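Let me begin by presenting the structure, written as structure tokens, before commenting on it.
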Amino acid sequence: MSWLFVVHIFMVMTSSSSISFALGRPSNETDKLSLLAFKSKISDDPLGILNSWNDSLHFCRWQAITCGRRHRRVTMLDLDSCELKGQISPHVGNLSFLRTLNLQNNSFEGEIPPQIGALFRLQVLRLQNNSLSGEIPVNISLCSNLWYLGLGSNNLTGKLPNGMGYLSKLQVLNLRFNDFVGKIPSSFGNLSSLEMVTMESNKFHGNIPNSLGQLEGLTYLALGLNNLNGTIPSSLYNLSSIQLFSVHTNQLVGSLPPDLGHTLPNLEALYFHSNHFTGRIPISISNASKLYRLFKFQLTT
Ligand SMILES: *[C@@H]1O[C@H](CO)[C@@H](O)[C@H](O)[C@H]1NC(C)=O
Ligand SMILES: *[C@@H]1O[C@H](CO)[C@@H](O)[C@H](O)[C@H]1NC(C)=O
Ligand SMILES: *[C@@H]1O[C@H](CO)[C@@H](O)[C@H](O)[C@H]1NC(C)=O
Ligand SMILES: *[C@@H]1O[C@H](CO)[C@@H](O)[C@H](O)[C@H]1NC(C)=O
Ligand SMILES: *[C@@H]1O[C@H](CO)[C@@H](O)[C@H](O)[C@H]1NC(C)=O
Ligand SMILES: *[C@@H]1O[C@H](CO)[C@@H](O)[C@H](O)[C@H]1NC(C)=O
Ligand SMILES: *[C@@H]1O[C@H](CO)[C@@H](O)[C@H](O)[C@H]1NC(C)=O
Ligand SMILES: *[C@@H]1O[C@H](CO)[C@@H](O)[C@H](O)[C@H]1NC(C)=O
Ligand SMILES: *[C@@H]1O[C@H](CO)[C@@H](O)[C@H](O)[C@H]1NC(C)=O
Ligand SMILES: *[C@@H]1O[C@H](CO)[C@@H](O)[C@H](O)[C@H]1NC(C)=O
Ligand SMILES: *[C@@H]1O[C@H](CO)[C@@H](O)[C@H](O)[C@H]1NC(C)=O
């Protein structure tokens, strides 16, 4: 018997024993029950997307569902732009193998169920462009594998949970066009993987936290259309990877540092208008060679 053949037998044995282990647990039924509970909270499905969610097919073959090959557990629920209306059932929290939940661009209303915090494998949560209300559940901070969090264009309110600073893998954070209040938590400075942040068009007030200057991978920072005041922390002008820097339409004061064009060499767009900035546009900006959009500053002196 060749060594390769032995290895092959070994692999067959380990994979079949883990399959029977997986099937031996009641969890596959839980996924099915959770999906049916999810369906029961949908009040309108004009495209008939969820018609296939019935007993004639195994749930892994239902439309919008992806299962893992080995465990036959739901890993992705993708209902992007399906014209669905309804609420998000708390039973989604039982889809414990879920890695992607995409409900963006529908008409989901009501709150984001706090049971979402049970989805510790969740990497991508896309809920933007719905009619969700209420606050971000505090235990979203338990979704420690999230790298994409999209909650923009909803009717979400309240303060941001401080614990969001624990989402250490977060790369994209979209909170724009909501009714969030309170300060930008300084714990956001701990989100060391962040590349894109958009929080524009909310009711955030207070200062931009100095800690945001720790986010060295930041390329896109959009904080416009809020009630932010104070000065822009000088640490932000050290984020050399920044391409878009937008703070327009706030109550910010101060002036731009003279060496801006050198410290932000990758700048493509700078939106600083409709604040209370003073002074001149620094000449060094002519060295930010990628800059193509410099929205008017409205300097007051
Ligand atoms: C769950 O596993 C059991 C036992 O292996 C199997 O008989 C049943 O068909 C499975 N149910 C689903 C919904 O996959
Ligand atoms: C159940 O799903 C199958 C497969 O998609 C579909 O052909 C059938 O029409 C569905 N049954 C009902 C009652 O919707
Ligand atoms: C949102 O869904 C509508 C149909 O409901 C579609 O026309 C539109 O392109 C979608 N937008 C995005 C960004 O997917
Ligand atoms: C699933 O979630 C719901 C609501 O959070 C809960 O009531 C239920 O007991 C959970 N477990 C199963 C196996 O469905
Ligand atoms: C938001 O979703 C609605 C459908 O619910 C769609 O008509 C609209 O185009 C979407 N907007 C964006 C920016 O995707
Ligand atoms: C999340 O918060 C709710 C209450 O807001 C709680 O019932 C639930 O057990 C928490 N944890 C998880 C993992 O869902
Ligand atoms: C938010 O609610 C208001 C009414 O309270 C409504 O006019 C608006 O369209 C809603 N926005 C979204 C994104 O659902
Ligand atoms: C994040 O940083 C703050 C200081 O900005 C610190 O006090 C906190 O313990 C850190 N950790 C988290 C998860 O917020
Ligand atoms: C910013 O506004 C808050 C009220 O939102 C106020 O308490 C604070 O003094 C202001 N800070 C500055 C530096 O203007
Ligand atoms: C910006 O970076 C320079 C050079 O690395 C450093 O000397 C300076 O202290 C930094 N400034 C801030 C406000 O972080
Ligand atoms: C642009 O950068 C070059 C080389 O680093 C330097 O010699 C020049 O003075 C800079 N121009 C301005 C306007 O800062």
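Ligands are counted one by one from 1 in listed order, and the atoms in each one are counted from 1 as well. Here the structure is a predicted model, which is why all the values come from computation and not from measurement.
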pair I208-N250: side-chain heavy atoms closer than 4.5 Å:
no
Between S193 and L170, is any pair of side-chain heavy atoms under 4.5 Å apart?
no
State whether any protein heavy atom lies less than 4.0 Å from atom 7 (O) of ligand 9.
no
I'd like to know if the side chain of N178 reaches the main chain of N202, judged simply by a donor and an acceptor atom lying under 3.5 Å from each other, with no hydrogens or angles considered.
no
Quick note on ligand 5: atoms under 4.0 Å from a heavy atom of N106 include exactly 5 (O)
Can you tell me which residue and heavy atom of the protein come closest to [atom], and the distance to 0.1 Å?
atom                    : answer
atom 2 (O) of ligand 9  : N229 ND2, 2.2 Å
atom 13 (C) of ligand 4 : T30 CG2, 3.8 Å
atom 5 (O) of ligand 9  : H205 ND1, 3.4 Å
atom 12 (C) of ligand 4 : N94 ND2, 3.3 Å

Just checking, is any N or O donor in the side chain of S153 or N129 under 3.5 Å from an acceptor N or O on the other one?
no
Do we see a donor-acceptor contact under 3.5 Å between the side chains of N54 and S56?
yes
